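Values in this document were obtained by computation on a predicted structure and should not be read as measured data.
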2 protein chains.
Amino acid sequence: MRIGELSRRTGIPTRLLRYYEEQGLLTPVRLANGYRDYADRLVDRVEQIRGLLDAGLPTRVIREVLPCTDNPCTITVTDASDELVGLLEAERDKMDARIECLARNRDAIAAYLRQVEAARKR
Amino acid sequence: MRIGELSRRTGIPTRLLRYYEEQGLLTPVRLANGYRDYADRLVDRVEQIRGLLDAGLPTRVIREVLPCTDNPCTITVTDASDELVGLLEAERDKMDARIECLARNRDAIAAYLRQVEAARKR
DNA sequence: TCGAAGGTTCACATCGATGTCAACGTCAAG
DNA sequence: CTTGACGTTGACATCGATGTGAACCTTCGA
């Protein structure tokens, strides 16, 4: 599919799809006329990218993370440099911390909302 | 404590502590000489703010969220406008989505790292 | 008393993500 | 053949978070 359809399907402006490509997060093939051609599976990838961006990861990190979340890429297990492994471990730990922080605050909000609701019943 | 010590304790530059105040996330009292004076408990608050910022929440949202995560503020349950309640529910749901996305990707990274390690043992 | 350390405000710079616009090429339908 | 929808690249603008520096005030210890 071309960029317009991908944009419609994902709700992400074409501007950003091009930006993600520039950042190395998305690599559509080019048609003879120069148009970008996106495989269907890239819809999911775009959503994954959005999720990670929304969760606060910079594109630089997402670029490292994406390959290891691709099933087919699990084959490339062996060519992971020590450096990359270290980076990924650090990133995993940061994500743990973020998850914990988010969860704690979400729980606090949820508890608060429950109290509000309880108070309104009276 | 004054801003320098808070900065040392939290590792956050004074510039940002002032910025958080400007954004309404932190409200130190002022000493006679105009210096900011931070209560001890604000150390925790700063860390909470950092966690939420790192998790991708903008200061605008954090400002709404913080009050409901303060225990003493649970007393103010009654003065929650419908609007705020809706905003908080939406925010809670977004946080849910972020947590899920982060967890999925962290799990993928963790699985990848385990594979790498297994491959290296051989 | 003087200087260093740390505080204040204000302004401007930077950086990443995103919006917007200009100038132009491609393609399908009337 | 032309028009309109859609694509291309490139430049510049904006917005939020953060860095940096100037000009100035306060406190404290030599």
Task: Residues from residues 89-102 of chain A lying under 4.0 Å of DNA chain D - heavy atoms - done: none
All N/O donor-acceptor pairs, side-chain side in residues 45-55 of chain A, below 3.5 Å, sequence neighbours left out:
unit_1	atom_1	unit_2	atom_2	d
R45(A)	NH1	L25(A)	O	3.4
R45(A)	NH2	D70(A)	OD1	2.8
R45(A)	NH2	D70(A)	OD2	2.5
Q48(A)	NE2	T69(A)	OG1	3.1
Q48(A)	NE2	N105(B)	OD1	2.7
R50(A)	NH1	Y20(A)	OH	2.6
R50(A)	NH2	D54(A)	OD1	2.7

TODO: Drop me the distance from I109(A)'s CD1 to R92(B)'s CZ, to the nearest 0.5 angstrom.
DONE: 8.5 Å
Open item on the list: Taking only side-chain N and O atoms of Y19(A), does any of them lie within less than 4.0 angstrom of OP1 or OP2 on dT18(C)?
Closed with: no
Open item on the list: From CD of E22(A) over to P of dA17(C), roughly how many Å is that when rounded to an integer?
Closed with: 10 Å
Open item on the list: Under 4.5 Å between side-chain heavy atoms, counting indirect links through other Ile/Leu/Val/Met/Phe/Trp/Tyr residues: same cluster for Y35(A) and L26(A) or not?
Closed with: no
- [ ] Please state how far atom CG in L6(B) lies from atom P in dT8(C), giving the value in whole angstrom units.
- [x] 11 Å
Open item on the list: Applying side chain to side chain contact (heavy atoms under 4.5 Å, CB included), can you list everything that pairs with A111(B), at least two apart in sequence or on another chain?
Closed with: R114(B)
Task: Residues within residues 42-49 of chain B bordering DNA chain C, heavy-atom distance below 4.0 Å - done: none
Open item on the list: Can you list everything that forms a side chain to side chain contact (heavy atoms under 4.5 Å, CB included) with T27(A)? Sequence neighbours excluded, please.
Closed with: none
Task: Atom-to-atom span, CD of E21(A) to C1' of dT18(C) - whole angstrom - done: 17 Å
Task: Protein-nucleotide distance (M1(B), atom CE; dG6(C), atom P), rounded to Å - done: 16 Å
Open item on the list: What residues from residues 53-63 of chain B pass a heavy-atom cutoff of under 4.0 Å to DNA chain C?
Closed with: none
Task: Under-4.0 Å side-chain N/O to phosphate OP1/OP2 contact, Y20(A) with dA17(C) - done: no
Open item on the list: Which residues pass the salt bridge (Lys or Arg N to Asp or Glu O under 4.0 Å) test with E5(B), not counting sequence neighbours?
Closed with: R9(B)
TODO: Calculate, to the nearest 0.5 Å, the distance between atoms CG and NZ belonging to L57(A) and K94(A) respectively.
DONE: 8.5 Å
Open item on the list: Once side chain to side chain contact (heavy atoms under 4.5 Å, CB included) is applied, do any residues pair with E21(B), and if so which ones, sequence neighbours excluded?
Closed with: P28(B), R30(B), R36(B), Y38(B)
TODO: Can you check each nucleotide of nucleotides 2-14 of chain D against protein heavy atoms at under 4.0 Å and return B for base, S for sugar-phosphate only, - for none, in 5' to 3' order?
DONE: ----BSBB-----
Open item on the list: I'd like to know whether CZ of R63(A) has more than 12 heavy-atom contacts from other residues, nucleotides or ligands below 6.0 angstrom.
Closed with: yes
Task: Residues that D37(B) engages under salt bridge (Lys or Arg N to Asp or Glu O under 4.0 Å), provided they are two or more places apart - done: none
- [ ] Kindly write out the residues that satisfy salt bridge (Lys or Arg N to Asp or Glu O under 4.0 Å) with D96(B), not counting sequence neighbours, or none if the list is empty.
- [x] R106(A)
Open item on the list: Checking R104(A) now: which residues fulfil salt bridge (Lys or Arg N to Asp or Glu O under 4.0 Å) with it, not counting sequence neighbours?
Closed with: E100(A)
Open item on the list: I need the M95(B) CE to C101(A) SG distance, nearest 0.5 Å.
Closed with: 7.0 Å
